[in-house]
Structures are given as structure tokens and as C-alpha cells.
There are 2 protein chains.
Amino acid sequence: MILIKEKLSSQGYRMTKPRQAIFANLDHEPQSVAEISDRLKKQKIKIDKVTIYRTLTQFVKLGIVEETQFKDKISVYELADQEHHHHVICDNCGKIEDICLDEKILVAAAKKNSSFKIKSHHLEFFGLCKKCC
Amino acid sequence: MILIKEKLSSQGYRMTKPRQAIFANLDHEPQSVAEISDRLKKQKIKIDKVTIYRTLTQFVKLGIVEETQFKDKISVYELADQEHHHHVICDNCGKIEDICLDEKILVAAAKKNSSFKIKSHHLEFFGLCKKCC
DNA sequence: GGTATTATTGCAATTGAGTTGCAATAAGTC
DNA sequence: GACTTATTGCAACTCAATTGCAATAATACC
């Protein structure tokens, strides 16, 4: 088990059954709210999607979950307890894979070339997966 | 004037007043449909936002316009007749600036590290602009 | 130039992700 | 176990974006 209960209670939040179930269904693969909702339904766990939204938003704030948006504009969520990495998304079937890249040089260049105080970045690749090639 | 009329007619499309007005209000700065709509209203040009959406979608297909999505999930559009570049977005006020970066090495690394046939990528930076620092 | 053909427009209605208000419920506390 | 208050679920709502369709306007043809 991970430190999630402590993370919650240290901020005055409570560990509830819905939060436990949602956490148990999170993954290192990014998932949409609809996908998480479907997984829960299959397990006959009844949780309103509003609760899923609120829980995920809270998990993001607590650093438990990472949120990303892709082209189709829906948010996807994945466990944050992993190394910083990026995604490759198939233009045809939507399949998402992780990819590890060292973008330090690029971020350094961006900091140099911009008047902004750069804090974070998004980097995603698009193309065709093996099946769709 | 640019080759837009030819691009349209070569595909069997027509150059219309709304398309002309929308094109005239495009920029090298990314703008949302709402922003384009406001600009047109100020010029007392009455164009339904449905038409703006359809026109922009078509312009994207013709390679006249580039579409991007940012964190807040709304689409922004800018003229595509420019060098490949990236955006820096202010976390506080939403200001967007362009930034030029050479990401060739990174894209090459991604191609090497992935089983996907990589075709394109999105790269954006977030932080604070001078005013919001 | 005038007319026929058909792409395009504008309106109204719809979709779908995500949010909000609020009463009912359930954690954690004493 | 009773109390306090965070949390849940429902219904209603927001807002970007899409769709169907009748009315309109741009090109082609005479």
C-alpha cells in the first residue's frame, strides 16, 4: 500500500470507499474518467462520475495523480509515482505508449530563449502504432 | 494576398465573404473561436460562430491554419505559413508567446526509442510571464 | 448578363466533458 | 454512541463544439 491515506489525512481529508476504489483502479497508463467509470462498473462498484472527477482533481492536487490532455480534449489520468516521461499517441486507434526522453537540453534552451519564468512543459508525440502502420 | 483562393478552388471550394473576413482576422498569434468572433463583431461583420468553426476546420485541412489545444481545452488557431515553433503560456494570465527551438535531436531520440512511426509532436511550455512574475 | 447547380451559411437543437448547488450520508473525533 | 464536518450522489447547469436543414449565395454554363 502507498502513503495515500496519510497524504489525505495530513490535509484534513478522509479516506473513503470511493476514493479507495478509484485509487485501486488507477494505473501507469493514462485513463479517461469514462474508462475508470467503466472499470468500476464491471467490478459492480457504483460510484458517480462526479465523484470520480472530484477525487481525481484532489489526487492531482496531492500529487498522487497526473493529468494530461490530448488532441480530442478529454483529460486522462495516471499514477504520478513514476519517472517523468512522455507519451506517444496513435493517430489512428488512439493507443498510448510511454516514452522516456531526456529533454533537459531543450528545456534549458527554452528558458534561455524566453522572457517567461518557465515552470513546466508538455511534450507528446503522434504517429502510428505497430498495428496501424 | 496569399494563395488562399486558389487553394480553395483547386479543391472545389468557394471563396466567400465570411471566409475572406475570417482569413483576414487570422494571425500569427493563436486565437480562439470566441476571440475571432469578437474581432469580427467589432468590425460589424456578422458571422455565425458555426461558420467560424467550419471555416477553420477547412483551413486546417488545407494547411492554411494550425490548430492547437492548451490546458483549458479550448482550441486556438493561427496562420500556418510560418516556421515551426512552440508556445510559452502564462499559468496566471494565459498570455501566449512564441518560442523557436531546435528539437531535432529530441524527435530523433523519440523515433529511436519508440515502436511507433512518429509523424508529429506537440511541445508547449508553461510558466509566468514578465508581468505575472 | 441571366439562370441552373451546388457549396455555403445561419439558425435551432444537440452532444458530451466537466462543474455546481444542495440535501443525504458516512468518516473521523470526543 | 453521539457530534461535527467532509464527502457523496443526484439533478441541473455550463460551455465548447457538432449536426440537420431550409435559406442563401458563389461559380458554371448558356
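Throughout, a chain's letter reflects where its sequence line sits, starting with A, and its residues are numbered from 1.
Remark: D102(B) pairs with K104(B) by the side chain to side chain contact (heavy atoms under 4.5 Å, CB included) rule, at least two apart or across chains.
Under the 4.5 Å side-chain contact rule for hydrophobic residues, L62(A) and I4(A) share a cluster.
Straight-line distance from the CZ atom of R19(B) to the C1' atom of dA25(D): 12 Å, rounded to whole Å. Put simply, CD1 on I52(A) is 13 Å from P on dA17(C), counting in whole angstrom units. Nucleotide dT7(D) holds its C1' atom 17 Å from the CD atom of Q11(A), rounded to whole Å. The distance between atom CG of D48(B) and atom C1' of dA12(C), rounded to the nearest whole Å, is 10 Å. If you measure from atom NZ of K41(B) to atom C1' of dG10(C), you get 14 Å, rounded to the nearest angstrom. In this entry the distance linking CD1 of I47(A) with P of dT25(C) reads 18 Å, nearest Å. When the C1' atom of dA17(D) is taken as reference, atom CD of Q69(B) falls 11 Å away, rounded to whole Å. Atom CG in L40(B) sits about 15 Å away from atom C1' in dG10(C), given to the nearest Å.
Of the residues near DNA chain D, P18(B) and K49(B), the one whose nearest nucleotide (by heavy atom distance) lies more toward the 5' end is K49(B). Comparing V50(B) and M15(B) by the nucleotide of DNA chain C whose heavy atom lies nearest to each, the residue mapping closer to the 5' end is M15(B).
Side-chain polar atoms of H122(A) and Q69(A) form no donor-acceptor pair below 3.5 angstrom. There is no side-chain donor-acceptor pair under 3.5 Å between Q31(B) and N25(B).
In this structure, S32(B) does not reach the dA16(D) phosphate: none of its side-chain N or O atoms is under 4.0 Å from OP1 or OP2. The side chain of Y53(B) contributes an N or O atom lying less than 4.0 Å from OP1 or OP2 of dA17(D). Using a 4.0 Å cut-off, some side-chain N or O of K46(A) falls inside it from OP1 or OP2 of dC10(D). A close approach under 4.0 Å does not occur between any side-chain nitrogen or oxygen of T51(A) and OP1 or OP2 of dT8(D).
The aromatic rings of F23(B) and F59(B) lie perpendicular to each other, with more than 60° between the two planes, well past the 30° mark.
One axis for each end of the helix from dG1(C)-dC30(D) to dC30(C)-dG1(D), each built from five base pairs, and the angle between them comes to 30° at 10° resolution.
Judged by distance alone, with hydrogens and angles left aside, R14(A) brings a side-chain donor or acceptor within reach of the base of dT5(D), the pair sitting under 3.5 Å. A donor-acceptor contact under 3.5 Å links the side chain of R54(A) to the base of dG9(D).
Atom NZ in K95(B) sits 13.0 Å away from atom CG in L128(B) (nearest 0.5 Å).
Using a 4.0 Å heavy-atom criterion, one finds that S75(B) contacts the sugar-phosphate atoms exclusively.
Of the candidates dA27(C), dG9(D), dT8(D), dA27(C) carries the atom nearest the K17(A) side chain, counting heavy atoms from C-beta on.
Between the side chain of N113(B) and the main chain of I99(A), no donor-acceptor pair closer than 3.5 Å is present.
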- Message: Evaluate I74(A) against V33(A) for side chain to side chain contact (heavy atoms under 4.5 Å, CB included), listing each step before the verdict.
- Response: CA-CA 9 Å; I74(A) 70 161; V33(A) 166; over 6 Å; no
